[in-house]
Amino acid sequence: MADFAGLTRDRKYGEADILGRKCMVVDTGGLSGEEQGIDSLMAGQSLAAIDESDLVLFVVDCRAGLTNTDEMIANHLRKTGKKVLVVANKIDGANHDVAVAPFYELALGELHATTATHGRGVRSLMQAMLDELPEPDEIVEDDEADGVKIAIVGRPNVGKSTLVNRMLGEDRVVVFDMPGTTRDSIYIRYEREGTPYTIIDTAGIRRRKNVSLTVEKFSIVKTLQAINDANVVVLLMDASEGVVDQDLHLLGQVIEAGRGVVIALNKWDGLDAEHKAKIKRDLERRLQFVDFADLHFISALHGTNVGHLYESVERAYRSATDKFSTNQLTRILEDAVSVHQPPLVNGRRIKLRYAHTGGHNPPIIIIHGNQTDAVPAHYKRYLEKTFRRVLDLHGTPLRIEFKTSDNPYAVKATKRNYKQITQKERVQARLKKRPKQ
Ligand SMILES: Nc1nc2c(ncn2[C@@H]2O[C@H](COP(=O)(O)OP(=O)(O)O)[C@@H](O)[C@H]2O)c(=O)[nH]1
Ligand SMILES: [Mg+2]
């Protein structure tokens, strides 16, 4: 289970495989029923998680027995109309029927008894989950015609849909067939000056606030799925509101996923000079950790600077998918090491011998040598900077990994994911064939 910690403090997101069915699992801080202070914060998080899920596992404690809190939570769950499985946990040595019986009062249907620590009952619980999950979205096979996949990501109301319409509304754009929709996002395939793209517009959770107004709430799940599915993410922020923490969390998520990234400050129209200057200062201070990403000030509404996003998207995509030979990477490594040697550890100098590529989007460079576990963080940063500069990588995270190996022939080649990599190579070949403007 991959961890998506960091987006929120109290909710953990992870990808899971439930008997072959991929899904995203959210672990929450829990509900005590007497939410006050920090508890009420946790409750808010749990309620938000319930909100964006297809299926809720309501875990009760058999040793503690049925509590008022359980009943309150059950009432809430009934009101949401969500599908619920009640998991009677900590059944341990107790008589099974006696231990679970009280929980039938919750009237939430079948009970699933487990001892999570021993893994008992877990498989049949997984089968029940599988039965309750909605039909999976049709798997959209990667296809050359998809071209570069661009996800437009940001908080509700920053202007994502406006930007998508603007990008598709250009004269040089031809939109193909019908947009594909998954439950979570809209995928639109199009061509711009002969180059194929797929743009992904992520929606929030729609809900009615009152009769006339529908508001969107931010959905972490939908956003993470769009990020993972994209080659390059355009992270949109609302300049009229300035940079907020959630923007930075999102950015962190894009980088952790290893996707290409372009940052766009939208609603740049109609701001006074003072406000613009303040935002630029803020960005400089808060975006230091992504100094490799291009930054654009745009108005999706008026179309200002929107065309320039493509230059950055293509540059990020090329950087993210470029291929480098072992020779080339090893030469860069040797030069870097001769300019600035790695330190001594226990009286022996760390040796870095050769480098090769370990994957694309994000690019991974694997460096072999000895005592590589002892390479200090600052030296790793120095190498990363050097590779970035010499290889001219922009708009993509770069991962450097070390392996200790004395005999290069003992090292197995890293496995290439056929589907992902060959698709990207094909698209890239097409991009390269295009005449440069
Ligand atoms: N002033 C201004 N308003 C914008 C701009 N882009 C979008 N908006 C407005 O912001 C609101 C939200 O836009 P929308 O595209 O629905 O945001 P989404 O929730 O991120 O998809 C709408 O009222 C848009 O007209 C812009 O560049 N400038
Ligand atoms: Mg929208």
Side-chain angles (χ1 to χ4, degrees), residues 7 48 51-52 137 149-170 173 175 178-190 197-210 212-230 232-251 253-254 259 261-280 282-283 294-313:
L7 255 191
D51 228 33
E52 61 175 324
D137 287 322
K149 284 197 197 163
I150 310 170
I152 312 292
V153 159
R155 294 179 298 121
N157 249 14
V158 294
K160 296 182 293 295
S161 301
T162 309
L163 177 62
V164 167
N165 285 330
R166 179 59 69 175
M167 289 172 83
L168 298 178
E170 283 187 52
V173 164
V175 179
M178 293 298 290
T181 40
T182 67
R183 234 187 335 276
D184 302 313
S185 299
I186 302 177
Y187 288 62
I188 305 158
R189 298 198 316 176
Y190 63 103
Y197 296 94
T198 297
I199 203 162
I200 309 172
D201 183 11
T202 51
I205 303 170
R206 301 189 71 84
R207 59 151 56 133
R208 292 192 92 76
K209 197 170 180 185
N210 54 43
S212 58
L213 186 63
T214 310
V215 289
E216 262 189 14
K217 265 183 64 183
F218 183 61
S219 166
I220 295 177
V221 169
K222 293 176 183 193
T223 303
L224 289 177
Q225 284 168 339
I227 290 171
N228 283 324
D229 205 21
V232 179
V233 174
V234 175
L235 179 70
L236 210 55
M237 304 186 199
D238 184 338
S240 66
E241 295 187 350
V243 184
V244 304
D245 287 347
Q246 203 166 33
D247 295 328
L248 299 177
H249 286 315
L250 267 177
L251 193 51
Q253 211 57 51
V254 177
R259 297 300 175 249
V261 58
V262 179
I263 301 169
L265 268 286
N266 191 30
K267 309 195 187 179
W268 201 241
D269 54 284
L271 298 182
D272 60 38
E274 197 183 326
H275 190 119
K276 286 182 178 174
K278 182 187 175 306
I279 290 199
K280 285 190 168 165
D282 270 6
L283 288 171
D294 284 349
L295 187 60
H296 293 273
F297 301 94
I298 68 168
S299 167
L301 196 61
H302 302 300
T304 323
N305 277 334
V306 168
H308 292 301
L309 289 178
Y310 281 103
E311 293 154 27
S312 295
V313 165

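All ligand and atom numbering here is 1-based and tracks the order in the structure.
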**Q** Starting from atom 17 (O) of ligand 1, which protein heavy atom do you reach first, and at what distance in Å?
**A**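 For atom 17 (O) of ligand 1, the nearest protein heavy atom is G159 N, 3.1 Å.
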
**Q** Under 4.0 Å from atom 23 (O) of ligand 1, is there any protein heavy atom?
**A**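 Neighbour list for atom 23 (O) of ligand 1 is empty of protein heavy atoms (cut-off 4.0 Å).
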
**Q** What is the minimum heavy-atom distance between L271 and K276, and which atoms define it?
**A**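 The answer is O-CE, 3.5 Å.
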
**Q** Do you know which two heavy atoms are closest between G159 and N266, and how far apart they sit?
**A**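 Where G159 meets N266 most closely, the heavy atoms are CA-ND2, 3.7 Å.
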
**Q** Record the part of T162 in heavy-atom contact with ligand 1 below 4.0 Å; permitted values are side chain, backbone, both and neither.
**A**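 Both backbone and side chain of T162 come within 4.0 Å of ligand 1.
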
**Q** Taking both backbone and side-chain atoms of L301, is any N or O found less than 3.5 Å from an N or O belonging to ligand 1?
**A**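 Between L301 and ligand 1, an N or O pair is found under 3.5 Å apart.
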
**Q** Would you confirm whether any non-hydrogen atom of the protein falls under 4.0 Å from atom 2 (C) of ligand 1?
**A**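 Within 4.0 Å: yes, protein heavy atom nearby.
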
**Q** Please report which non-hydrogen protein atom sits nearest to atom 12 (C) of ligand 1, along with the residue it belongs to and the distance in Å to one decimal place.
**A**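 Looking at atom 12 (C) of ligand 1, the protein heavy atom closest to it is N157 OD1, 3.3 Å.
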
**Q** I need the minimum non-hydrogen distance between G154 and L250, along with the two atoms involved.
**A**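 Between these two residues, the closest heavy atoms are CA-CD1, 3.9 Å.
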
**Q** Could you state the interatomic distance from CD1 (I199) to OG (S185), rounded to the nearest 0.5 Å?
**A**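 Between atom CD1 of I199 and atom OG of S185 there are 12.0 Å.
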
**Q** To check your reading of the model: name the closest protein heavy atom to atom 10 (O) of ligand 1, its residue, and the distance in Å.
**A**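 That would be K267 NZ, 3.1 Å.
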
**Q** What do the steps show when you test K160 against D201 for salt bridge (charged side-chain N to carboxylate O under 4.0 Å, His left out), and what is the final call?
**A** CA-CA 7 Å; K160 296 182 293 295; D201 183 11; 6.0 Å; no

**Q** Is it the side chain, the backbone, both or neither of S299 that has a heavy atom closer than 4.0 Å to ligand 1?
**A**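 It is both backbone and side chain that touch ligand 1.
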
**Q** Considering distance alone, does some N or O of N266 sit under 3.5 Å from an N or O of ligand 1?
**A**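 Such a contact does occur with ligand 1.
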
**Q** With a cut-off of 2.8 Å, does T202 put an N/O/S atom close enough to the Mg ion (ligand 2)?
**A**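 So T202 does not count as coordinating the Mg ion (ligand 2).
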
**Q** Which of the atoms in ligand 1, numbered in the order shown and given with their element, are less than 4.0 Å from a heavy-atom of D269?
**A**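 Result: 1 (N), 2 (C), 26 (C), 27 (O), 28 (N).
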
**Q** Taking all non-hydrogen atoms of both residues into account, name the closest pair between T202 and V153 and its distance.
**A**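 Distance-wise, the nearest heavy atoms are OG1-CA, 4.1 Å.
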
**Q** Any donor-acceptor pair under 3.5 Å linking the side-chain atoms of H308 with those of E311?
**A**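 Yes, side-chain donor-acceptor contact under 3.5 Å.
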
**Q** Between A151 and A226, which heavy-atom pair has the shortest distance, and what is it?
**A**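 Shortest heavy-atom separation between A151 and A226 comes out as CB-O, 3.7 Å.
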
**Q** Look only at interatomic distance and state if A300 has a nitrogen or oxygen under 3.5 Å from any nitrogen or oxygen of ligand 1.
**A**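 Indeed, backbone or side chain, A300 has an N or O that close.
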
**Q** Within less than 4.0 angstrom of ligand 1, does G270 place any heavy atom?
**A**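 Not so, G270 does not reach ligand 1.
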
**Q** Quick one: do K149 and D229 satisfy salt bridge (charged side-chain N to carboxylate O under 4.0 Å, His left out)? Show the steps, please.
**A** CA-CA 8 Å; K149 284 197 197 163; D229 205 21; 3.5 Å; yes

